[in-house]
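What follows is a set of notes on a single structure, which appears directly below.
The figures that follow rest on heavy atoms only: side chains count, while hydrogens, waters and symmetry mates do not. For reference, positions follow the sequence shown, starting with 1.
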Amino acid sequence: MGRPEKPVDRTVPARGKLADFLRRRKTTAALAYEEMARRTNGMPSKATLERAASGASVPSWETVETFIKVTVTKEEEFTNSLGIALEQGRELWIRARRATRAPYYVHKAPDPNLISTVADFSRALRNQHVWAGYPTPGEMTRTAGPGELPSTTTRRIIEGTGLPVDPQQAIAFLKACYVTSAADLAPWLAAAVRAFADTRDVGAWARAHHLLQTRAGREENHSPTQLRVAA
């Protein structure tokens with residue numbers, strides 16, 4: 001029988017909640033860290049998995065994702081509900097990153113409905129990036145996919161010295177900041193139409209907004225009930 005784990009570090013409550021979530025999965029799966037590492041061929045290592053569930057730091061999303069997948073239960077496989085666990089884990093991970101990286105003055109996600117100018121739009125994109133837990137340009141480029149979001153462009157948006165060049169780039173940036181559903185993206189495109197009305201051709205932005213609104217309606221009609229992480 002292995003030695004008991006150290007208590008979860010709750011110095012940062014959001015980190016502690018992520019660690020609790022991971023430890024519950026490990027306990028339910030009845031796996032030791034050594035066995036988990038063997039199942040992942042040592043990537044991540046036993047030490048990395050153990051540290052991820054300690055609450056002492058925020059692990060990478062790749063580590064959290066692997067931790068969740070390696071502790072999948074037979075019930076989750078049978079009900080095809082691993083996706084829900086991954087969604088819960090990502091939300092807890094984002095909250096942990098936000099708690100350790102976001103400035104004190106960012107208390108909530110930006111509201112795109114309040115955007116009316118180019119400066120508003122730029123500031124809201126930067127605040128969304130903060131709210132997402134400060135993903136690096138490299139992480140965002142990988143999340144968006146090849147060619148969708150160049151890291152140099154991402155860096156300029158984050159620094160406030162540039163803006164997305166088209167709707168597709170704006171959507172890629174927002175998705176890399178975990179604004180993913182059409183219903184959540186549509187208000188951002190509407191905000192861009194307002195902000196750019198007097199400064200550039202807004203036709204492409206208006207068309208993209210219309211497509212997102214249409215898609216949001218379809219998603220609403222066919223969306224399954226989702227579990228939410230308790231605050």
Side-chain angles (χ1 to χ4, degrees), residues 1-102 129 131-146 148-149 151 154 172-181 224 226-231:
M1 184 174 180
R3 58 187 177 124
E5 287 190 80
K6 293 180 181 179
V8 168
D9 184 334
R10 303 189 187 281
T11 306
V12 178
R15 283 197 323 227
K17 288 183 179 181
L18 174 61
D20 286 336
F21 171 77
L22 296 176
R23 286 196 183 187
R24 282 196 300 271
R25 292 194 59 82
K26 172 181 172 290
T27 299
T28 301
L31 291 173
Y33 290 114
E34 291 86 351
E35 176 60 22
M36 292 168 63
R38 280 196 294 272
R39 294 187 181 191
T40 63
N41 296 316
M43 297 181 65
S45 67
K46 169 185 175 292
T48 299
L49 293 167
E50 201 165 2
R51 189 163 53 250
S54 70
S57 61
V58 182
S60 70
W61 168 245
E62 289 76 15
T63 295
V64 173
E65 183 179 33
T66 302
F67 197 116
I68 294 170
K69 288 180 177 179
V70 81
T71 54
V72 62
T73 64
K74 290 184 178 180
E75 180 181 356
E76 286 173 330
E77 290 179 338
F78 180 74
T79 59
N80 198 28
S81 59
L82 177 61
I84 294 175
L86 287 167
E87 181 184 340
Q88 291 176 323
R90 183 178 283 278
E91 178 63 25
L92 288 165
W93 175 75
I94 291 171
R95 292 183 186 184
R97 292 249 300 207
R98 186 185 303 146
T100 55
R101 297 185 178 198
H129 173 255
W131 192 245
Y134 272 112
T136 67
E139 288 173 334
M140 295 176 72
T141 296
R142 289 191 295 274
T143 298
E148 292 294 321
L149 191 64
S151 59
T154 306
F173 182 92
L174 288 163
K175 284 186 173 181
C177 290
Y178 314 119
V179 182
T180 56
S181 71
Q226 295 182 337
L227 295 179
R228 293 197 174 272
V229 177

Between CD on residue Q88 and CZ on residue R25, distance to nearest 0.5 Å: 8.5 Å

Validation row: K175, L149 side chains within 4.5 angstrom (heavy atoms): no

Minimum-distance pair of heavy atoms, taken over all atoms of Y178 and R90: CE2-NH1, 2.9 Å

W93 and W61 aromatic ring geometry - parallel, tilted or perpendicular at 30°/60° bounds: tilted

Heavy-atom side-chain contact between R51 and S57 under 4.5 Å: yes

Closest non-hydrogen atom pair between P137 and S151, with its separation: CB-O, 3.9 Å

Between CD on residue E62 and CZ on residue F67, distance to nearest 0.5 Å: 15.5 Å

E139 side chain reached by S60 side chain, heavy atoms, under 4.5 Å: no

Least distance between heavy atoms, A52 atom then L22 atom: O-CD1, 3.5 Å

N-O pairing of E34 and R38 below 4.0 Å: no

Exceeds 12 heavy-atom contacts within 6.0 angstrom, atom CD of E77: yes

Verdict with supporting geometry, L82 and I68, side chain to side chain contact (heavy atoms under 4.5 Å, CB included): CA-CA 8 Å; L82 177 61; I68 294 170; 3.9 Å; yes

Check: R15 side chain, A96 main-chain N or O, donor-acceptor pair, under 3.5 Å: no

Closest contact, heavy atoms only, G89 versus V64: O-CG1, 4.4 Å

NZ on K74 to OG1 on T79, rounded to 0.5 Å: 14.0 Å

Which atom of A132 lies closest to which atom of I94, heavy atoms considered: O-CG2, 4.0 Å

Any donor-acceptor N/O pair, S81 side chain to I84 backbone, under 3.5 Å: no

Side-chain heavy atoms of K26 within contact of M36, under 4.5 Å: yes

Any donor-acceptor pair under 3.5 Å from S45 side chain to G42 backbone: no

Close side-chain approach of C177 to M140, heavy-atom, < 4.5 Å: yes

Plane angle bin for F173 and H129 - parallel if under 30°, tilted between 30 and 60°, otherwise perpendicular: tilted

Distance-minimising heavy-atom pair for A19 and V8: CB-CG1, 3.8 Å

Contact check, side chains of D20 and R10, non-hydrogen atoms, under 4.5 Å: yes

Min side-chain heavy-atom separation D9-S54 under 4.5 Å: no

Under 3.5 Å: donor-acceptor pair, side chain of R23, backbone of A53: yes

K69 and L86, any side-chain heavy atoms less than 4.5 Å apart: yes

